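These notes are about the structure you will find just below.
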There are 2 protein chains.
Amino acid sequence: MVVFSREETEKLKQRLKTGGYKLTPQRRAVLDVIIDNEGKHLSTEEIYDIVKKDCPEIGLATVYRTLQLLEKMGVVCRMNFDDGCNRYELIHDEEDHQHHHLVCINCGNVEEVEGDLLETLEEKIEEKYNFKITNHSVKFFGFCSKCNELNKDKVDD
Amino acid sequence: MVVFSREETEKLKQRLKTGGYKLTPQRRAVLDVIIDNEGKHLSTEEIYDIVKKDCPEIGLATVYRTLQLLEKMGVVCRMNFDDGCNRYELIHDEEDHQHHHLVCINCGNVEEVEGDLLETLEEKIEEKYNFKITNHSVKFFGFCSKCNELNKDKVDD
DNA sequence: CTACAGCTGAATCTATATATCAATTGAAAA
DNA sequence: TTTTCAATTGATATATAGATTCAGCTGTAG
């Protein structure tokens with residue numbers, strides 16, 4: 001199925017080596033699942049269920065440990081959509097800052113918003129509060145386009 | 001100690017009545033703790049520990065239930081600073097939108113940023129993605145002014 | 001090929017939060 | 001004031017995400 005994960009795997013291998021870590025089949029398999037499912041913001045358990053197809057002997061604890069490691073290595077990014085579990089997303093080297101997320105409070109779907117657009121606000125805050133910003137988390141809650149339509153039919157005002 | 005919680009309590013009483021809920025001593029005590037500790041973003045367990053002083057017989061489950069209810073009534077706002085528990089904050093009627101938070105990744109301190117400043121961005125997003133925004137969560141992670149100073153001394157570049 | 005630090009899976013443990021249920025209570029109505 | 005009853009309570013059990021432990025296994029440097 002996925003063929004182009006080769007490149008990502010090489011990158012991970014290099015990063016692991018630097019930290020004195022090993023590239024095991026389990027870690028490779030978890031990374032493959034994340035690459036295969038870009039944009040889906042999978043949770044640890046969801047990744048576990050998928051990775052078991054290719055790697056049936058893998059343990060849940062290993063998936064938890066691998067995801068923590070991948071986060072530390074800067075390969076993935078952990079996100080919290082307030083649904084009680086951690087979710088993960090591939091980090092692309094070219095993106096300087098994180099993108100934002102639109103979380104639908106009706107169907108739970110999560111959409112990504114390109115761009116950052118917070119530079120000006122961040123500059124102001126850094127100056128005013130003497131706070132050195134290293135990252136941010138910006139989520140907008142509301143109704144996605146699909147639920148928006150359905151809602152319109154019902155409310156009809 | 002706190003004298004001016006009277007007003008908040010009256011407000012809560014009215015809201016509870018509307019929903020068919022009762023104003024119990026336990027609920028009153030939990031609200032008092034939140035009012036007494038404005039700006040501290042207490043967690044459920046922290047609130048439980050404090051409220052037990054005034055109300056030793058209260059159960060933890062009641063505190064959880066009360067906080068959920070207060071949230072539903074629009075009296076408090078639940079926040080997630082990614083430290084594994086829910087934290088709560090009083091909502092002031094006059095504020096239209098939520099303020100932002102500066103979360104220090106070194107000492108864990110949470111500071112509030114006044115103002116919203118996201119209106120323009122939100123307008124753009126609503127139009128472009130056909131997404132009806134009802135709320136947002138904006139957190140900036142980094143080093144607070146205190147840790148910034150300490151850091152400067154150490155790194156010194 | 002060898003040695004060994006790092007890794008794994010299974011089981012266990014922890015922490016946060018929710019559900020259950022019999023007994024109690026706030027407050028509306030009589 | 002007393003009655004009435006749905007809402008509430010505390011104790012306990014349960015659910016769930018995730019961390020920890022440990023004996024045996026395995027990548028990988030040399």
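Quantities reported herein were computed from a predicted structural model and do not represent experimental measurements. All chains are named by letter (A, B, ...) in the order of the sequence lines, taking the proteins before the strands, and each is independently numbered beginning at 1.
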Under 4.0 Å between any heavy atoms, over every strand shown, what does [X] touch: base, sugar-phosphate, or nothing? Just pick one.
X       : answer
B:Arg27 : sugar-phosphate
B:Leu60 : nothing
B:Ser43 : nothing

Below the 4.0 Å mark, does [N] have OP1 or OP2 next to a side-chain nitrogen or oxygen of [X]?
X       : N      : result
B:Thr24 : D:dA7  : no
A:Gln68 : D:dG18 : no
B:Gln26 : C:dT25 : no
A:Tyr21 : C:dG6  : no
B:Asn86 : C:dA17 : yes

Problem set entry | Residue mapping more 5' on DNA chain D - nearest nucleotide basis, B:Val63 or B:Gly20 | B:Gly20

Exercise. Less than 3.5 Å between a donor and an acceptor, one on the side chain of A:Arg65 and one on the base of C:dG6, is that the case here?
Worked result: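 Answer no: no donor N or O sits under 3.5 Å from an acceptor.
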
For this session: Assess whether one donor atom and one acceptor atom, taken from the side chain of A:Lys22 and the base of C:dA5, lie less than 3.5 Å apart.
Result: yes

Exercise. Among all residues two or more places apart in sequence or in another chain, which pass the salt bridge (Lys or Arg N to Asp or Glu O under 4.0 Å) test with A:Lys132?
Worked result: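 By the salt bridge (Lys or Arg N to Asp or Glu O under 4.0 Å) rule, A:Lys132 matches A:Glu126.
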
Exercise. Listed by chain and number, what are the salt bridge (Lys or Arg N to Asp or Glu O under 4.0 Å) partners of B:Glu71, not counting sequence neighbours?
Worked result: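 B:Glu71 satisfies salt bridge (Lys or Arg N to Asp or Glu O under 4.0 Å) with B:Arg78 once adjacent residues are dropped.
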
Tell me the interatomic distance from [X], atom [atom1], to [N], atom [atom2], rounded to whole angstroms.
X       : N      : atom1 : atom2 : answer
B:Lys72 : D:dT8  : NZ    : P     : 9 Å
A:Leu23 : C:dA5  : CG    : C1'   : 16 Å
A:Tyr48 : D:dG18 : OH    : P     : 14 Å
A:Asn80 : C:dT16 : CG    : C1'   : 14 Å
B:Leu69 : C:dG26 : CG    : C1'   : 14 Å
B:Leu67 : D:dT9  : CG    : P     : 12 Å
A:Ile47 : D:dA17 : CD1   : P     : 14 Å
B:Tyr88 : C:dT16 : OH    : P     : 13 Å

For this session: Evaluate side-chain hydrogen bond (donor to acceptor under 3.5 Å, both in side chains) for A:His41 paired with A:Glu46, printing each intermediate quantity in order.
Result: CA-CA 10 Å; A:His41 312 99; A:Glu46 286 167 353; over 6 Å; no

Problem set entry | Given D:dG10, C:dT16, D:dG18, the nucleotide with the shortest approach to the side chain of B:Glu45 | C:dT16

For this session: Would you mind telling me which of C:dA17, D:dG27, C:dA11 lies closest to the side-chain atoms of A:Ala61?
Result: C:dA11

For this session: Would you indicate whether B:Arg28, at its atom CZ, is surrounded by more than 12 heavy atoms from other residues, nucleotides or ligands within a distance under 6.0 Å?
Result: no

Exercise. Do other residues, nucleotides or ligands put more than 12 heavy atoms under 6.0 Å from B:Glu57 CD?
Worked result: yes

Exercise. Are A:Asp83 and A:Arg87 ion-paired here, with the side-chain N under 4.0 Å from a carboxylate O?
Worked result: yes

For this session: Step by step, work out the side chain to side chain contact (heavy atoms under 4.5 Å, CB included) result for B:Val138 and B:His101.
Result: CA-CA 7 Å; B:Val138 179; B:His101 290 97; over 6 Å; no

For this session: Take the C1' atoms of the five end pairs on each side of the helix from C:dC1-D:dG30 to C:dA30-D:dT1, get both axes, and report the angle to 10 degrees.
Result: 40°

Problem set entry | Ring centre gap for A:His136 and B:Phe141 strictly below 6.0 Å | no

Exercise. Between B:Thr44 and B:Lys13, which is nearer to the 5' end of DNA chain C once each is assigned its nearest nucleotide?
Worked result: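 Here B:Thr44 is the residue nearer the 5' end.
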
